[in-house]
Amino acid sequence: MTRKITIEPVTRVEGQGKVTIQLDERGNVDKAQLHITQVRGFEKFCEGRLFSEMPVITPRICGICPVSHHLASAKAGDAILGIKLTPTAQMLRRLLHYAQYVQSHALHFFYLASPDLLFGMDADPAKRNIIGVIQEKPELARKGVKIRAFGQKIIEMLGEKRVHPNAAIPGGMNRALAPVQREEIARQIDDIISDSLLSVNLVKDYIKQNKDMADSFASFDTSYMGLVDDKDNVEYYDGTLKLSDKNGQVLESHIAPENYLSLIEEKVEDWSYLKFPYYRKQSYPAGAYRVGPLGRLNTAGGCSTPLAAKEFQEFRRMKTHGVPNGSLYYHMARMIEMLNTAEEIKSLVQSDLICGKDIWQNSGVVNEEGIGVIEAPRGTLIHHYKVDKSGAIRNVNLIVATGHNNLAMNRAVGDVAAEYIKNGNVNDGILNHIEVAIRCYDPCFSCSTHALGHMPLEVTVCDADGRIRRIIRN
Amino acid sequence: MKTLVLGIGNDILGDDGVGLHVARRVARMTRAPDITVKETAGTGLELLELIRGYDRLIVADAVIAADPKPGKIQRRELSDMTNAGNDISPHEGSLTSVIELGKVLFPGEMPGIVSIYTIETAGVEEVTDKMSTEVRQAALRAAISILLECNSLIKSTP
């Protein structure tokens, strides 16, 4: 007898997901599929528009990481113009990017992940949420709001409209940072760094206290990918692509981002709207790799700033052989990155160059292809545009973090499902645990769609003939 | 009464942009000094920062109904929305949970009166800056209803 279990949608991840678990004849997990909805027609919508419009269009496809799309798009535009940015423009782009990291990682940790860690995965979802956190640990929730607001404020300074930033343009930036704004950032940054360090310690303590679970929960071998700088440190805005294997050994390094196609290939599956990128020198699906905080920290050799560098070393020592491969380590990696980017913000505003006025330049060139690659908070983001001689878009290809992690997330769901379904018995804890596993990856399911209303998490157990046997709701 | 009319949506996702269009129409149809109109594509904590300091909040947003009647407008109150813990907007948390959170974080700064105008959509799966006819027409009706609620509709001169 074959049964199908459907879970939809997953609460508290960005967008809507739907999980189908296919059981074999003995009632054990045969395969798990995470379906991701994607909006249609983006490429068609962009065709014929000028490449210079793309940095204001692409942020609208995602209400969660608009700054990342904005910057990747501007970088693709720089490549089309064949321009190397002025030092100040480069610094302002980094400031914007790091601010997005701080706000995005703070939001994810305090608002979405901390309830799981504080109350445990088995806690009632009615309690396991931000309202529960504010009741039990109001000072923690306040810190989350404060750190996030700090990042948002910088985005607002540079990007004017916070939801759809308008700061970077092909060739540079369209607004300089005023000295008074620089002072405002400098006044608050030490406090933000100290709260970030506290957040790292919070997750670190959790992992130390729950080491067995952290090492076993949704834990599996994959490769890892991320950008690194010329000292092999984690890089967020520029640098070269690096790929490491399950033990952290280098598979590929010093790959110019525009040569990303030499590393990865995309596979289409008929049951998912989202493609499955994989490392092309390995077969599919063995070529699965992970991106995002865990991908970056497992690929790089260190972090660029003193406090984060120390935490990086401790993070890597948590696994005696190889690198941490449990999905829960994403949370710790995320907080180390929040600390790293906060420290980077501090060093940026310490330089007088940040308030320079030389922020944009043009060229008479229109290259017919431009590729912009950055590390978005959720992982490597690739914008690849082809344009005609006038600069009108002919073709757009975007590879987003959730795509890179697609294979790994399916694996995580499958592993957790196998733990909670044995010989046809479905443990009610499966809902919470699958939700927690997916949330580690902080996926962005359907960009920018939103709805007010009730969206419960639901498991439907069906017979092979489609009859509903059982429905589990949270 | 210090009122915020907040349109939520994404204007390149078809009918999902209707909340923004409602807000724009409201802005054009009133000069009442106590009404502020804002637009956002954000949810969750983003909303928390936008709605602080108002006595009344009126939200306009698209909804995806199980049995959709595109253009159908419903006025709801916060109590009509589902339980704070389980009512999850896909992004960062529901309006209900945001206001609950705001009451603790910023005592006395959350709007005491909240109404939500939902407009049912014909679908939000395709990237386009055009809305369906039914939803476009509903934007005007929703804007009028909102201004009637505020008693601030500019009377047409005879």
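Given the structure is predicted, the values throughout are model-derived calculations rather than measurements. Throughout, a chain's letter reflects where its sequence line sits, starting with A, and its residues are numbered from 1.
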Distance-only side-chain donor-acceptor flag, B:Thr118 / B:Arg76, under 3.5 Å: yes

Heavy-atom pair count under 4.5 Å with chain A, highest-scoring of B:Leu48, B:Asp11, B:Thr121: B:Asp11

Do other residues, nucleotides or ligands put more than 12 heavy atoms under 6.0 Å from the NZ atom of B:Lys69? yes

Which pair of non-hydrogen atoms, one from [X] and one from [Y], has the smallest distance, and what is that distance?
X	Y	value
A:Ala106	A:Arg148	CB-N, 4.0 Å
B:Leu13	B:Glu126	CD1-O, 3.7 Å
A:Leu381	A:Ser68	CD2-O, 3.4 Å

For A:Tyr385, give me all partners under ring pair (Phe, Tyr, Trp, His ring centres under 6.0 Å), at least two apart in sequence or on another chain.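 Once residues adjacent in sequence are excluded, the partners of A:Tyr385 under the ring pair (Phe, Tyr, Trp, His ring centres under 6.0 Å) criterion are A:His383.
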
Quick check on the structure: residues of residues 104-114 of chain B within a heavy-atom distance below 4.5 Å of chain A, by number.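 Residues in range: B:Val104, B:Leu105, B:Phe106.
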
